[in-house]
Novice: 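Have a look at the structure that comes next, please.
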There are 2 protein chains.
Amino acid sequence: MNKQQEILKAALKLFVAYGFHGTATGKIAQEAGVATGTLFHYYKTKDDLIVALYVDIKTRLTACWQIGTAGNESIKDQFRQFYIAGMDWSLENNLEFKFTKQFLNSPYLLLLAPEEIQKQSRLILNMIKDGILTKTFKPLPEDLINTLLTSHLYGVHDYISNSKLSDSERKLLIDDSFEMIWKMISL
Amino acid sequence: MNKQQEILKAALKLFVAYGFHGTATGKIAQEAGVATGTLFHYYKTKDDLIVALYVDIKTRLTACWQIGTAGNESIKDQFRQFYIAGMDWSLENNLEFKFTKQFLNSPYLLLLAPEEIQKQSRLILNMIKDGILTKTFKPLPEDLINTLLTSHLYGVHDYISNSKLSDSERKLLIDDSFEMIWKMISL
DNA sequence: ATATTTGTAGAGTGACTAGTCAATTTTATG
DNA sequence: CATAAAATTGACTAGTCACTCTACAAATAT
C-alpha cells in the first residue's frame, strides 16, 4: 500500500475518533508511518486532505454502485439493488460512513465545490427522474425523493449498527425497510 | 440577558459557523461581550460548554413539546402534533438544529452521559410504546420506529430548508410528509 | 457596617499545531 | 551509469489555544 493511501487510511481512523480539528496532522503522519512533510507533499493543506478523503470515500461507494447496476431489471428492482448495495457498503465500511456523516454535518461541507456535490447524486437523481417519468413514483420533487431515500437509509443504518441482529435478521430488516420506503415513494 | 446566556448564544453561533475546535474559547467570550475568565467561571472546560449547550437546546425543544401535548387526541393526532411541532421548532431554530446535527455526528457525542441521551427520547418512546400496545403501529422494535421517525423528520427538514417554498406549500409538505411516515409505521 | 461569597476581568503561560524548508534518498530516464 | 525528477524526512517556526491566576467589584448575608 502506498504512502498516500496510508495517509488517507490513518486520517479516516483518527478523524472519526477525534474529529477534524481534534486530529493533528502530525498524528496522522505518525499513524500512517510517514513524516509530516510527506503528508504536506501530497496534500497542500489539512483542509485539502479532509476534502480529498471525502471525495475518495464517495468515489469508492459510487464505484460499488456502478458495478451493481446491470440494467435490465424493473425500476423497483433497480432501486432495491441500489438501496441494498448502499446499505451493505455502509455497514461494512462503518468508519467511512461515520466520516461522511461528520463531514456532511460540519462547516467543512462548504469546502466542497458545488459541482462535486451534484456529481455524487447524479446517478441516483437520474433513476429518480426515470421513476417519475414512468409514473412509478409519486409526482414529488426529485430532491425530496432523494432526501427521503437517503435519510431513510441513514436511519435504518443507525438502528442496525446500534443493535446486534443475526445475519438473517439483518437481511430481513434491510429487505423490509426497503419495502417501507418503496411504499412511501411509489404510486 | 445575563452573561451565561450570552455565552451560550455566542457559542451556538460560532460553533455552527466554524465547528467545535474551529472556535476558540476567546472568540466565544469576545462575541458574548465577556472576558475569557468569565466563560471559564461558568464552564469548567470547553467540553463542558459544548455539552451544556446541547443539553440546553434539547431542553428547550422538549419544553416546546410538552406544551403541545394536551392529551385527549387519538394516537395519530398526538403523533401529528409531535411531528409538526418538532418540524416547526427545527425550522424556526435553524442554528440549534444544525448544532444538534453536528454534535450528534461528532465524537463529542461520547461526552454525553448515556442517561442524558435516554432522557431526551423518553417522551417519544412512551408514545411509541403506546402505539404498539394499541396495535396502532406495526409490531416493530420501538427504537426502529423512533429512528425512522427521526430520520424522516431530518430528511424533510433538510429538503425544506434547502428549497424556497411559500408558507402554504411548506405547510402542505409538512402535512403530507407526516402522512407518509404515518403510513410507513402504522398498521 | 462588616464579612463572605459570587461575578468579572484580562494579561499571562505552557503546550500544541499547521505548515515550511533544506537536506537526503529513491525512482525514472536517456 | 549519470542525471534529473520525485518522494521523503524531521527539525523548526510563528502563531494559536485552553485554561490559570490574581486583582478587584458587586451582591448578599450576618
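All chains are named by letter (A, B, ...) in the order of the sequence lines, taking the proteins before the strands, and each is independently numbered beginning at 1. These numbers come from the heavy atoms of this one structure, side chains and all, not from hydrogens, waters or symmetry mates. Computed from a predicted structure; not experimentally measured.
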Novice: Name all residues meeting the ring pair (Phe, Tyr, Trp, His ring centres under 6.0 Å) criterion together with A/H21; count only those two or more places apart in sequence or in a different chain, and write none if there are none.
Specialist: A/Y108
Novice: A/S166: which residues meet the side-chain contact (heavy atoms from CB on, under 4.5 Å) condition with it, sequence neighbours left out?
Specialist: A/S168, A/E169
Novice: Restricting to salt bridge (Lys or Arg N to Asp or Glu O under 4.0 Å), what partner residues turn up for B/K138, sequence neighbours left out?
Specialist: none
Novice: Would you find more than 12 non-hydrogen atoms of other residues, nucleotides or ligands less than 6.0 Å from B/K98 atom NZ?
Specialist: no
Novice: Counting only non-hydrogen atoms, which of residues 28-43 of chain A are less than 4.0 Å from DNA chain D?
Specialist: A/V34, A/A35, A/T36, A/G37, A/T38, A/H41, A/Y42
Novice: Five pairs per end, C1' atoms only: what is the angle between the end axes of the helix from C/dA1-D/dT30 to C/dG30-D/dC1, to 10 degrees?
Specialist: 20°
Novice: Send over the distance from B/K46 NZ to D/dT16 P, rounded to a whole Å.
Specialist: 15 Å
Novice: Listed by chain and number, what are the salt bridge (Lys or Arg N to Asp or Glu O under 4.0 Å) partners of B/K119, not counting sequence neighbours?
Specialist: B/E116
Novice: Test: side chain to side chain donor-acceptor pair (under 3.5 Å). Region: residues 7-19 of chain A. Which pairs qualify, not counting sequence neighbours?
Specialist: A/K13-A/E31
Novice: Name every residue in residues 12-25 of chain B that has at least one heavy atom under 4.0 Å from any atom of DNA chain D, in order of residue number, or write none if there are no such residues.
Specialist: B/T23, B/A24, B/T25
Novice: Is any side-chain N or O of A/K3 closer than 4.0 Å to OP1 or OP2 of D/dT9?
Specialist: yes
Novice: Side chains of A/L173 and A/L165: closer than 4.5 Å at any heavy-atom pair?
Specialist: yes
Novice: With sequence neighbours excluded, give me every ring-ring contact (aromatic ring centres under 6.0 Å, His included) pair touching residues 27-64 of chain B.
Specialist: B/Y54-B/F103
Novice: What is the distance from atom CD of A/Q66 to atom CG of A/L123, rounded to the nearest 0.5 Å?
Specialist: 5.5 Å
Novice: Nucleotide range of DNA chain C contacted by chain A, 5' to 3', under 4.0 Å to a heavy atom?
Specialist: C/dT17 to C/dT20
Novice: Sequence neighbours left out, what passes salt bridge (Lys or Arg N to Asp or Glu O under 4.0 Å) with B/E96? Give chain and number order.
Specialist: B/R60
Novice: Under 6.0 Å from the CG atom of A/D167, do we count more than 12 heavy atoms belonging to anything else shown?
Specialist: no
Novice: Under the side-chain contact (heavy atoms from CB on, under 4.5 Å) criterion, do B/K183 and A/M184 qualify, and how do the steps go?
Specialist: CA-CA 8 Å; B/K183 255 182 211 149; A/M184 194 150 109; over 6 Å; no
Novice: Could I get the full list of salt bridge (Lys or Arg N to Asp or Glu O under 4.0 Å) partners for A/D130, not counting sequence neighbours?
Specialist: none
